[in-house]
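First comes the structure, then the notes that go with it.
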Amino acid sequence: MSSIHSNLTALREQLTSAVTLVAVSKTKPVSMIQEAYHYGQRDFGENKVQELCEKQPLLPADIRWHLIGHLQTNKVKYIAPFVHLIHSVDSIKLLSEINKQAAKNNRTINCLLQVYIASEETKFGLSEEELFQLLRSTEYATMKNVTVTGLMGMASNTTNTQQVHNEFKSLKKLFDEVKTSFFANQDTFKEISMGMSGDYLIAMEEGSTMIRVGSSLFGER
Ligand SMILES: *Cc1c(COP(=O)(O)O)cnc(C)c1O
């Protein structure tokens, strides 16, 4: 077995039901993506618009492409025709631009709102207060071409597993509150994107529905 095949098999054995594996292929060549695709992987994540746009046309059309990294408003137009899910929406301005570009392409784009849960200062994301403000805004209420399908968060990069548990727990709790307050009767609001190579087992214990795994699948970058 190739290492991608064996890593994929090992990951699949750990996945609890209803958890989607997003294979994070950033910096990795198209040939590695093709290999994972060959073994049945269909969800792939990239963090840079340019890299995503270079790879997408070279690969099978039924791949579901996830944009997981920070997204600049002026780059939304490049991915709007094909992106499956944007994990990193961290402002109303960005969501509004996604809505506009989705409309231009006659489609609806699924988005996750990225929430800041780590104690580190470098991570992007909305605070709880900003999240509620966005969802209550009249601007959001008028958007017809985006569907908010859940929340995304990144835990601190720390060996303190209790802290990582707590940060993921806080995201799950927030998800439940937002679900009750804003999406009670909407089945489309269902995703909690949390967990990477170093912490996906903890994330699944805390209720993740989508893990974004790069180095454990494709090797170190
Ligand atoms: C790179 C990246 C990942 C995957 O990281 P690994 O540690 O390689 O699994 C997940 N999420 C985001 C937002 C990333 O940028």
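Counting starts at 1 for both ligands and their atoms, following the listed order. We number each residue from 1, following the sequence as shown.
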Between Glu97 and Lys93, is there a salt bridge with N-O shorter than 4.0 Å? no
Given Arg212, Gln114, Glu191, His66, the one that forms side chain to side chain donor-acceptor pair (under 3.5 Å) with His87: His66
With sequence neighbours left out, write down each residue that passes salt bridge (Lys or Arg N to Asp or Glu O under 4.0 Å) with Lys169, or none if nothing qualifies. Glu206
Check salt bridge (Lys or Arg N to Asp or Glu O under 4.0 Å) between Asp43 and all other residues, then give those that pass, not counting sequence neighbours. Arg64
Within the 4.0 Å heavy-atom sphere of ligand 1, strictly under, residues: Val24, Lys26, Ile68, Met154, Met196, Ser197, Arg212, Val213, Gly214, Ser215, Arg221
Applying side chain to side chain contact (heavy atoms under 4.5 Å, CB included) to Leu21 and Val213, what does each step give before you reach the verdict? CA-CA 7 Å; Leu21 168 66; Val213 176; 3.9 Å; yes
Which residues pass the salt bridge (Lys or Arg N to Asp or Glu O under 4.0 Å) test with Asp62, sequence neighbours left out? Arg42
